[in-house]
Amino acid sequence: MKTLVIAENEAAARELAAGARAYADEVVYATFADPVTGIADKCLVVEVPEGQAKEAAFDTFAKILADEDPQMVFFEPTRRLKALVGRLAAHNGASVMTDISAIDEESVQTRYFGGIAERTAKSVTPVAFCSAGAGTFKDAEPSGTDVVETVEYVAPAVTLECVERETLPPAEVDLTAADKVVAAGRGFGSEEELEEARTFCKAIGAELGCTRPLTETEDWFPREAYIGISGLMLSPEVYVGIGVSGQMQHMVGVDRAHVAFAINKDAHAPIFDKVDYGLVGAINNVLPKINAKLS
């Protein structure tokens with residue numbers, strides 16, 4: 001079996017290639033630039049011409065798909081690749097199986113109903129398209145032969161011009177690589193109160209993320225820190241929810257954590273039904289005491 005891995009970021013490329021290596025006879029990795037070597041049998045680099053948007057590379061990736069003829073495509077679920085691979089799947093008359101949690105040669109385990117249930121699915125088309133979040137294949141190891149090829153760009157019939165570029169500041173958090181994740185929720189009354197959460201994270205060696213309202217309503221966190229259905233889907237060793245109510249939209253992003261804790265002043269908060277250990281108490285009372293013990 002041959003698997004094509006499409007990824008933009010190094011960590012995702014390594015993990016997806018490792019997952020593919022566990023069962024595929026051949027792994028081909030395709031990306032835009034600065035490829036990761038040593039993770040696949042062949043690496044294909046698509047060089048998009050200056051002034052063109054990367055999304056315009058659909059025809060190039062369609063040619064890669066036709067030339068390589070894989071039985072499965074793994075892709076990193078970035079916004080760009082969701083759009084690109086969605087078009088590839090439609091072009092091949094196939095559906096995309098999103099957020100897979102396990103796979104074998106015959107079928108995949110995938111989530112549905114917003115992630116609260118799992119099912120076994122099997123592609124009925126010659127090629128299966130699957131997305132997988134961080135941590136799905138964290139126990140697998142990639143390997144490869146460092147064969148790198150540059151793919152000739154296929155100009156689309158209708159070009160997509162990039163009219164402006166803006167360099168964003170580097171993300172201050174990388175939750176996908178963290179073994180310990182702390183999530184801040186609406187229980188925090190002000191941005192200043194988050195300092196106690198940051199102190200706690202530093203003490204236990206964790207990264208700090210958040211629920212959706214703290215990125216979109218309050219703008220206290222960058223988009224990269226949002227955990228949940230339309231944000232990050234993680235599999236940390238340890239998860240701590242502080243001031244998090246426990247709504248499904250957030251919890252599905254961390255329900256594969258090995259051990260989960262929660263701190264909430266509401267003893268009836270839904271999160272206590274979804275974690276291993278819980279502490280009832282107000283954040284501004286409990287968290288400083290915990291930090292004092294850890295210092």
Q. How about Y277 and F272: are their ring centres within less than 6.0 Å of each other?
A. no
Q) For D41, does its backbone N or O pair with a side-chain atom of T145 as donor and acceptor, under 3.5 Å? A) yes
Q.
Taking the side chain as everything from C-beta on, heavy atoms only, tell me whether D25 gets closer than 4.5 Å to K2.
A. no
Q | Side chain to side chain, H250 and V244, heavy atoms closer than 4.5 Å | A | yes
Would you tabulate the side-chain donor-acceptor contacts of residues 288-295 under 3.5 Å, counting partners in other chains and residues two or more places apart, or write 'none'?
unit_1, atom_1, unit_2, atom_2, d
K289, NZ, N285, OD1, 3.3
N291, OD1, F200, N, 3.4
N291, ND2, E196, O, 3.0
N291, ND2, E196, OE1, 2.7
N291, ND2, L287, O, 3.4
S295, OG, A292, O, 2.9

**Q.** Heavy-atom neighbours of K63 NZ exceed 12 at 6.0 Å
**A.** no
Q: Would you check if I204 and V182 make a side-chain contact, meaning some heavy-atom pair closer than 4.5 Å?
A: yes
Q.
Going by side chain to side chain donor-acceptor pair (under 3.5 Å), name the residues that satisfy it together with R186, two or more places apart in sequence or in a different chain.
A. E218
Q: Return yes if some donor-acceptor pair links the side-chain N/O of N92 with the main-chain N/O of A94 below 3.5 Å, else return no.
A: no
Q. Can V238 be reached from I263 by stepping across I, L, V, M, F, W or Y side chains whose heavy atoms are under 4.5 Å apart?
A. yes
Q. Are the side chain of E76 and the backbone N or O of E8 linked by a donor-acceptor pair below 3.5 Å?
A. yes
Q | Any donor-acceptor N/O pair, D276 side chain to A260 backbone, under 3.5 Å | A | yes
Q. Hey, which of D69, V27, V127, V73 is the one that makes side-chain contact (heavy atoms from CB on, under 4.5 Å) with L4?
A. V73
Q. Among side-chain atoms of Y153 and Q52, is any donor-acceptor pair under 3.5 angstrom?
A. yes
Q. Which residues pass the side-chain contact (heavy atoms from CB on, under 4.5 Å) test with P35, sequence neighbours left out?
A. Y29, T31, C43, V45, V148
Q) Is any NZ, NE, NH1 or NH2 atom of the basic residue among E26 and K42 found under 4.0 Å from an Asp or Glu carboxylate oxygen of the other? A) no
Q. So among T3, I39, V5, which one has a side-chain contact (heavy atoms from CB on, under 4.5 Å) with L16?
A. V5
Q | Within 6.0 Å of NZ in K265, more than 12 heavy atoms from elsewhere | A | no
Q) Got L234 and P236 here, is their nearest side-chain heavy-atom distance under 4.5 Å? A) yes
Q.
Any non-hydrogen side-chain atom of D255 less than 4.5 Å from a side-chain atom of M251?
A. no
**Q.** Test item: side-chain donor near acceptor, S143 and R21, under 3.5 Å
**A.** yes
Q) Is it true that a side-chain atom of N9 and a backbone atom of A11 form a donor plus acceptor pair closer than 3.5 Å? A) no
Q.
Which heavy atom of A140 sits nearest to which heavy atom of G19, and what is that distance?
A. CB-N, 4.2 Å
Q: For the residue pair Y239 and V259, establish whether any side-chain heavy-atom pair is separated by less than 4.5 Å.
A: no
Q. Is there side-chain contact between L84 and F75, with heavy atoms separated by less than 4.5 Å?
A. no
Q.
So, taking the atom named OG1 in T98 and the one named CE in M233, what distance separates them when rounded to the nearest 0.5 Å?
A. 8.5 Å
Q. Any side-chain heavy-atom pair from M72 and F129 closer than 4.5 angstrom?
A. no
Q. Does a salt bridge link K180 with E207, judged by any charged N lying under 4.0 Å from a carboxylate O?
A. no
Q) Got a second to check how far R212's CZ is from F221's CZ, nearest 0.5 Å? A) 16.0 Å
Q. Mind checking whether F32 and F61 have ring centres under 6.0 Å apart?
A. yes
